[in-house]
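The block underneath contains the structure these notes are about, expressed in structure tokens.
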Amino acid sequence: MGILIFIPTYNERGNVARLCQQLNALREHQPTPVIADILFVDDNSPDGTGEALDQLAAQYPHIHVIHRAGKEGIGTAHQVGIRYAYAHGYDTLITMDCDGTHPPEYIPEFLAEANASVAVGSRYLKRNSLDEWTWLRRIMTYGGHTLTRTFLNMPYDASSAYRRYRLKQIPLQLFDLVQARGYGFFFESLYALHVNHFAIHEVGIILPARGSGESKMSFQEAWHGISRIFTLWFSITRNRKRYLLGVEG
Ligand SMILES: Nc1nc2c(ncn2[C@@H]2O[C@H](COP(=O)(O)OP(=O)(O)OP(=O)(O)O)[C@@H](O)[C@H]2O)c(=O)[nH]1
Ligand SMILES: [Mg+2]
């Protein structure tokens, strides 16, 4: 039994302490305290996020940090978090961004959902979900959603990183099917879960604008993400069984 909250970081020095404070406050949450360990994977952020995290880890025994040598992508960071969670026997994994756009107060709702293998924080269930976002970021988000709905045939918010996985219901091999190293990780992993009939539940969330620091969603990253949707679509059109668990190929 145990909950791990996983958070990837790259240049989030101005956000880490506040997020840890908010997550620690959930330990007193009523009627259901959220007692969770927290794992950060930092990619040697030039702004010193790694050192700030080391200080937090020294202060709180339930906070852990993995340091990687350089920026290796958000997708591979999530793979590290997922593998850590399985290796340490956690039965529930929550993943979220560090920039303040994923308010921790939704975590009790993610945990309360009892049946689905995956709960996804969705930006498309509430009208005012993206009110604080710039129009450019909204267009990118809706554009990506239209593509994943159309080409991957999934109704969910497939690029949302705010998720809850019940690891005892999902074999680790499911994540071996995912190849994307960047933002494509999110729709590729959700696609693999979807085609293997793992129950997916959506929780409507309202996203504030990013806290301090800058977006890592560069034009190049966005382009990689879009081309990954088409690569994935091409690959599943050629081989429908490519993402089925237990099927070679
Ligand atoms: N370890 C690691 N973390 C990353 C990397 N790229 C992004 N992140 C983190 O992943 C989370 C999401 O990144 P964001 O820059 O907020 O990207 P986004 O949420 O898609 O876009 P915006 O919120 O519009 O900026 C943040 O906590 C980042 O610090 C990376 O290459 N490695
Ligand atoms: Mg963000």
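Indexing begins at 1, ligand by ligand and atom by atom, following the structure's order. Values in this document were obtained by computation on a predicted structure and should not be read as measured data. The chain is numbered in sequence order, starting from 1.
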Q) Is there an N/O/S atom in Asp99 at a distance below 2.8 Å from the Mg ion (ligand 2)? A) yes
Q: Give the residue, atom name and distance (to 0.1 Å) of the protein heavy atom nearest atom 19 (O) of ligand 1.
A: Asp97 OD2, 3.0 Å
Q | Proximal atoms of ligand 1 relative to Arg210 (non-hydrogen, under 4.0 Å) | A | 14 (P), 15 (O), 16 (O), 25 (O)
(Q) Please check this pair: side chain of Arg210 against backbone of Asp99, looking for a donor-acceptor N/O pair closer than 3.5 Å. (A) no
Q | Distance-only N or O hit between ligand 1 and Ile7, under 3.5 Å | A | no
**Q.** Check: Cys98 N/O within less than 3.5 Å of ligand 1 N/O
**A.** yes
Q) Taking heavy atoms and a distance under 4.0 Å, where does Glu12 meet ligand 1: side chain, backbone, both or neither? A) side chain
Q: For atom 15 (O) of ligand 1, grab the closest protein heavy atom and report residue, atom and distance to one decimal in Å.
A: Lys216 N, 2.7 Å
Q) Can you name the one residue among Arg181, Arg68, Lys71 that meets side-chain hydrogen bond (donor to acceptor under 3.5 Å, both in side chains) with Thr76? A) Arg68
**Q.** Sub-4.0 Å heavy-atom contact, Tyr183 with ligand 1
**A.** yes
(Q) Just to confirm my output: which protein heavy-atom neighbour is closest to atom 4 (C) of ligand 1, and how far is it? (A) Tyr10 CB, 3.8 Å
Q | Subset of ligand 1 atoms that lie under 4.0 Å from at least one heavy atom of Arg137 | A | 18 (P), 20 (O), 21 (O), 22 (P), 24 (O)
Q: Anything under 30° is parallel, anything over 60° is perpendicular, the rest tilted; go ahead and classify Phe185 against Phe175.
A: parallel
Q: Please state whether the rings of Tyr90 and Tyr84 are parallel, tilted or perpendicular, taking 30° and 60° as the class boundaries.
A: parallel
Q) For the residue pair Tyr124 and His145, does the interplanar ring angle fall in the parallel (under 30°), tilted (30 to 60°) or perpendicular (over 60°) class? A) parallel
Q.
Working note: Phe187 + Phe151, criterion ring pair (Phe, Tyr, Trp, His ring centres under 6.0 Å); need CA distance, chi angles, decisive distance, verdict.
A. CA-CA 11 Å; Phe187 54 78; Phe151 288 94; over 10 Å; no
Q: Quick one: look up the protein heavy atom nearest atom 9 (C) of ligand 1 and list residue, atom name and how far away it is.
A: Pro8 O, 3.5 Å
Q. Does Arg228 reach the main-chain N or O of Gly182 with its side chain, forming a donor-acceptor pair under 3.5 Å?
A. no
Q: Using heavy-atom distances, let me know which of Asp42, Asp99, Thr9, Ile74 sits nearest atom 16 (O) of ligand 1.
A: Asp99
**Q.** Contact atoms of ligand 1, heavy-atom distance to Lys71 under 4.0 Å
**A.** 5 (C), 6 (N), 30 (C), 31 (O)
Q: Identify, for atom 32 (N) of ligand 1, the protein heavy atom at the shortest distance, and state residue, atom and that distance.
A: Asp43 OD2, 2.7 Å
Q) Hey, would you say the His224 and Tyr183 ring centroids sit under 6.0 Å apart? A) no
Q.
For a quick test of reading the model, state the closest non-hydrogen atom pair linking Arg13 to Thr49 and the distance between them.
A. N-OG1, 3.0 Å
